[in-house]
Structure formats: C-alpha cells, structure tokens
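Worksheet for the structure shown next.
Note on naming: letters A, B, ... go to the chains in the order of the sequence lines (proteins, then strands), and numbering restarts at 1 for each one.
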2 protein chains.
Amino acid sequence: MSFKTDNYLESVSLDCVVFGFHDNQLKVLLLSMKYSHEWALPGGFVCKDESVEQAATRVLKERTGLDNIFLKQFKVFSDPERSVLNPAVKDVVESGENTSLEWFNQRFISIGFYAFVDFTKVVPKPDNFSDNAEWKSIGEKEALMMDHDFILQEALNTLREQLNYQPIGYNLLPDKFTMPELQKLYETILDKKLDRRNFQRRILSFNILNKLEERKTGGAHKSPFLYEFNLVNYKNALKNGLTGGW
Amino acid sequence: MSFKTDNYLESVSLDCVVFGFHDNQLKVLLLSMKYSHEWALPGGFVCKDESVEQAATRVLKERTGLDNIFLKQFKVFSDPERSVLNPAVKDVVESGENTSLEWFNQRFISIGFYAFVDFTKVVPKPDNFSDNAEWKSIGEKEALMMDHDFILQEALNTLREQLNYQPIGYNLLPDKFTMPELQKLYETILDKKLDRRNFQRRILSFNILNKLEERKTGGAHKSPFLYEFNLVNYKNALKNGLTGGW
DNA sequence: ACAAAAGTGTTGTAAATACACCCATGC
DNA sequence: GCATGGGTGTATTTACAACACTTTTGT
C-alpha cells in the first residue's frame, strides 16, 4: 500500500473526529504518529474523482474496517499557521530520508468531519504515517498534534448544538440499549447531569424509541428495560428536527 | 487589476451567499458572468497566506465596498461534477483567447459562506469575470450557474436552523427599525406567517432590543415604534444562543 | 435486610398559542 | 368614516423542572 500523492487534490485535507461510546464514556479514535510520536485525528486527502464525503468514508473504512459510517462535515480549518510541522517531522522531511513525507510540507486547508461508530465493531488500524491506533476517552486523552485539539473541541461544540434539534445514539449505541445508557450518552456530550425522570419523558415524547419486552439482566440492582431505535421515526427526526432545547 | 493565479491555493474556491433585506424582501447579491451570461454567486479564491474567512472578507469587500461584513462558512461543496464549465466558457478557454480563464479549467472544492449586509450601504461591483452585479429577490431570481442554486438553497436551510438559537437582523436591518420589519425578516426566512403579538412578546423576551421613543412616520396607518438592537445582549445571544424554537 | 438503581407519578411554574379590543393614520 | 395596520391585553394549553414514592436486584 504505497502513497501516491498525484492522485490527490492539492491544498485540501480532511480530519475526522470519530466518536464511540463504551463503558459509559465518550471515546475518540486517535493515531500515534511516527517520528513525532504525537497523537492525531485520523485524516487523509481527497482523490481527484471524489467528493470530500466519499474521501472521508474511504479514510474511515481504512481506519475502522467499517462501511457506511455516519459522518458529517462540520467546519473548515484554514488558519495559515495551522500546518506547521513538528520539528522531528520537519527534520525527516528535510533529510530526504522519507520522500513520501514531502507531501506534508505544504499548506493544507482541512475539512473537519465528525463520525459516529459502534465502538464494539471497530478494529482500529494505523495509517502509513502512524504506528498505532487507539480509542481514548475524551476526558483522559493527552494533547494532540497541530490544531487537532481545537478541531476536536469544535466537533464537540457542534455536537452539543445539534443535540437540541437532532436525535443521537443510533450510530453510537448497540442495537438494544437501556434508558440509563442513552441518558449517559447525552450527559457526556452535554457535560452535565440530567434528571432521570424528565429525560425519559422527553426522549419518549420524540417517539424515536421502541420499548422492548426484555430487560437487561446481569447488572446489579433492578434490571432496566431495553429499547431500540424506531428507524423510521429516527430518520425522520434527523431530517426534520425535534422540538425545543435541553 | 490583473488576475494572478499563482497567488492562490489550488483546488479551493469559495462562494458567498450575500443576503440583504429591502422592501420587506430578502435579496441576494448576484453576478452576471461574461461569455456564458449566467448568473452566479460572488466567489473567489484563497491566497496562500489567508484563512478562508480572510479570503471571503477580501472578496466581499471587492464586491460590496464594505469592510467588516458578518460572514460564516456553512458547508463545503465538493461533488466532482460540480465544476463542469458552461459550453460557451469552455469554448473561450480552449480557444486560448483569454488565458486568465485557464485557471477555471480545473476541479474546485468550494467553501460556502453566507453573509449579511445592510442593503442600503452596498455598492455592487462585478469582478473580472462578470459584467454586472445586482441584487435579486430570493423568490424572483432566475436559475444560477453550476451548483449555485443548490448552494443558495443550503444557505437558506442553514439560516432557518440557526434562527432557532441565534438572533438575526443586526447586520441586515438599518440601525433603527420597526417591529413589523423585523417580523417580516423572520417570516421571509422561515417562509411562514407568524402571529404579530406572540412574535413581539417572544423577541422582546430575548432582551436584545432597545425600544426607542420615536415612531416611524410617513407610512399609511398607525406609526410603529422604532427599535434598535442592544449590542451587548445581541452579541451575547450570538455566542450563547437563545432558547427554544419558532 | 439493605443499598443502589430503576420504574412510575405529581405538582407548580413558565412558555407557547390563540385569541379580542382599542388606537392611529391616509384616503 | 372606514379600511388597514399597529399597540396592548388575557385565557388556555402545553412543556419544563423539581421533586417522592415504590419496586427490583445482588450482596
């Protein structure tokens, strides 16, 4: 798998904030870069015959093994100073030791995407420029490369805003899940506690859930009911929005 | 004013949906292109030392004469087929008759911006590739070049969504305006009638308006009060959002 | 039997909606 | 004086927020 730069549009890159949900925590998929050993968002470039959405889909298939990932562009990052290379990488570039790195020695405008995946179905794979791919908890990750911390922060801000008028969870939770799990997802994104009873009433009023007969057993304490998303209503809510704010 | 393509980042362009409000109608600034005589959104390219926001600001200063225009990127348009040239333009390009048009014979990813301006303060100016610049009413404009109709539509959709949690009007209305005028602006964007009395109560509850002593005279019928925006509260609302939806 | 989590219900307040009435202005 | 638009007010419904009690489960 070589890296052919002449397939790509110049000046344009993309970075993906891939969210997963596990152990009641919001996680992001990160890569550990060669040479600089910094952590970075998975990213890539746009082939000459691709839309940016197609490019992001291709990149994320390579990094996660998954097809049909839910993703959405949310902002373009274009500060002229954003692409300043890490000194360690710059050294390698200038030494000529690794010619495929030459490509990085230009200015990129990066299109930010966020994506939702089922944590349990992802098999993280590093790319040509990284030697490790791992899930990190939002709260516990270390600093990221270049402006990637900013990109992640902006993705979270966008998410928080969209939570007011769009449903979330279908792409992040397993097929069957409990109300407390869904609530934890909302609480993690909003970074605040919600009232259990009011949350349930509200989310049910959207009619995007089917209550199942089954309960989730095994955990300590009273076994909660399982729910699944009502796909028809969920997708309709994605298009037409919900009502007021949280 | 020549056109130096080597100042620009390749593959990247930007298109601006410039909104103005006049005669109780929402207007867009459009250019009439040379050769093809199609109408187009004002657009441009990104210099090698600019952010895309700086580039859009520069472009709009040239097209409107205004500094400090309120603008915001809202979406990247990147369908590989979007930049297909109009046959009339393609002929000119291939004839070699106008070398500055060569630049257009490549694929661009375009960053969509929307902008709000005070209609009365704008002096529309065409660019190197257009021979006319005019305001057109949203409802009455003819079809636009390439995917520009789609871009305009997406800008409107974005506006409608943002209306739910952000104030609007400061950049579109004159310094002093009446409640019915502000309401018309909302109604035009939302494309539906709102109740006069409930609108007033709601918008006042946001505390973004100062009621003035003066009334607007001259029109037929009872003279309405004038209002101005409370800039402190308005900007705060822009950052922190309002409450529920319309 | 107890602690902790989950199911279900009530109640007060605020906001959204749907109206009605009176007042100014130009013709 | 009358049509039209504008200012102001109220009653009803709906949504939100705060809070209490009961039930189930593992230890």
Side-chain angles (χ1 to χ4, degrees), chain A residues 23-25 160 163-167 169 173 176-188 190 192-228 237 240-246, chain B residues 23-25 160 163-167 169 173 176-188 190 192-228 237 240-246:
Chain A
D23 281 342
N24 276 345
Q25 286 191 305
R160 256 171 226 139
L163 223 49
N164 291 324
Y165 55 95
Q166 287 199 355
L173 296 174
K176 298 176 181 181
F177 53 90
T178 67
M179 194 59 79
E181 280 165 0
L182 183 58
Q183 183 178 341
K184 256 282 168 333
L185 173 59
Y186 273 81
E187 290 183 339
T188 310
L190 293 169
K192 70 175 171 194
K193 282 235 158 286
L194 299 173
D195 183 276
R196 190 166 56 92
R197 298 150 287 188
N198 294 336
F199 176 82
Q200 176 153 346
R201 190 190 352 263
R202 186 117 128 88
I203 205 97
L204 286 177
S205 79
F206 297 151
N207 284 319
I208 55 171
L209 297 183
N210 295 332
K211 186 174 184 175
L212 304 176
E213 292 302 314
E214 309 168 64
R215 289 158 173 268
K216 174 162 193 162
T217 56
H221 321 302
K222 185 169 181 175
S223 22
F225 280 103
L226 285 168
Y227 291 83
E228 62 182 11
N240 303 67
L242 307 164
T243 37
W246 286 98
Chain B
D23 282 341
N24 275 345
Q25 286 192 309
R160 253 170 231 142
L163 223 49
N164 291 325
Y165 54 94
Q166 287 199 355
L173 297 173
K176 298 175 181 183
F177 53 90
T178 68
M179 194 58 80
E181 280 165 0
L182 183 58
Q183 183 178 342
K184 254 283 168 330
L185 173 60
Y186 272 82
E187 290 183 338
T188 310
L190 292 168
K192 69 175 171 194
K193 283 233 158 289
L194 300 172
D195 183 276
R196 190 166 58 91
R197 298 150 288 189
N198 294 337
F199 176 82
Q200 176 152 343
R201 192 193 345 265
R202 185 116 127 88
I203 205 98
L204 287 177
S205 78
F206 297 152
N207 284 319
I208 55 171
L209 296 183
N210 295 333
K211 186 174 185 174
L212 303 176
E213 292 302 315
E214 310 169 64
R215 288 158 174 270
K216 173 162 196 162
T217 56
H221 322 302
K222 185 169 182 176
S223 20
F225 280 103
L226 286 168
Y227 291 83
E228 63 183 10
N240 303 358
L242 307 164
T243 36
W246 287 99

- Item | L194(B) CG - dA18(C) C1' separation (whole Å) | 14 Å

- Can you check the N198(A) CG to dA6(C) P distance for me, whole Å? 16 Å

- Message: For a side-chain contact (heavy atoms from CB on, under 4.5 Å) check, start with the C-alpha distance between L185(B) and F177(B), then their side-chain angles and the critical distance, and finish with the verdict.
- Response: CA-CA 11 Å; L185(B) 173 60; F177(B) 53 90; over 6 Å; no

- Partner residues of E228(A) under the side chain to side chain contact (heavy atoms under 4.5 Å, CB included) criterion, sequence neighbours left out: N210(A), L212(A)

- Message: In this structure, how many angstroms lie between the P atom of dA5(C) and the CD atom of Q183(A), rounded?
- Response: 13 Å

- Message: For residues 215-225 of chain A, which residue pairs pass the salt bridge (charged side-chain N to carboxylate O under 4.0 Å, His left out) check, not counting sequence neighbours?
- Response: E181(A)-K216(A)

- Note on the structure: Atom CD of Q200(B) and atom P of dG6(D) are separated, to the nearest Å, by 11 Å

- Message: Taking side-chain hydrogen bond (donor to acceptor under 3.5 Å, both in side chains) as the definition, give me every residue that meets it alongside D195(B), ordered by chain and number, with sequence neighbours left out.
- Response: R197(B)

- Message: Nearest to the K211(A) side chain among dT17(C), dA24(C), dT8(C), which nucleotide is it?
- Response: dT8(C)

- Rounded distance in Å - CG (D195(A)) to C1' (dA5(C)): 14 Å

- Message: Quick check on DNA chain C: between Y227(A) and R201(A), whose nearest nucleotide comes earlier from the 5' end?
- Response: Y227(A)

- Message: I'd like to check the side-chain hydrogen bond (donor to acceptor under 3.5 Å, both in side chains) partners of Q183(B); sequence neighbours left out, ordered by chain and number.
- Response: E187(B)

- Could you tell me the separation between the CD1 atom of I203(A) and the P atom of dC16(D), rounded to a whole number of Å? 12 Å

- Side chain of S223(A) - closest among dT24(D), dA18(D), dT8(D): dT24(D)

- Task: Return the set of residues passing side chain to side chain contact (heavy atoms under 4.5 Å, CB included) with P180(A) (not counting sequence neighbours), or none when no residue passes.
- Result: T178(A), P224(A)

Below 3.5 Å is the cut-off: list the nitrogen or oxygen pairs between protein and nucleotides 12-15 of chain C, distance only.
none

- Applying side-chain hydrogen bond (donor to acceptor under 3.5 Å, both in side chains), name anything that partners N240(B), two or more places apart in sequence or on another chain. N236(B)

- Task: Rounded off to whole Å, could you give me the CZ-to-C1' distance for the R215(A) and dG26(D) pair?
- Result: 15 Å

- What's the NE2-C1' distance between H221(B) and dT25(C), to the nearest Å? 8 Å

- Task: Could you pull out all residues at least two apart from K176(A) that satisfy side-chain hydrogen bond (donor to acceptor under 3.5 Å, both in side chains)?
- Result: E214(A)

- the helix from dA1(C)-dT27(D) to dC27(C)-dG1(D): angle between terminal helix axes, five bp per end, to the nearest 10 degrees, reads 10°

- Mind checking what makes ring-ring contact (aromatic ring centres under 6.0 Å, His included) contact with Y227(B), not counting sequence neighbours? none

Sort me out a list of protein N/O and nucleotides 21-23 of chain C N/O pairs below 3.5 Å, or just none if empty.
none

- Query: side chain to side chain contact (heavy atoms under 4.5 Å, CB included) with Q25(A): which residues, sequence neighbours excluded?
  - Reply: K27(A), S137(A), E140(A)

- Do N24(B) and T188(B) come close enough that some side-chain heavy atom pair is under 4.5 Å? no

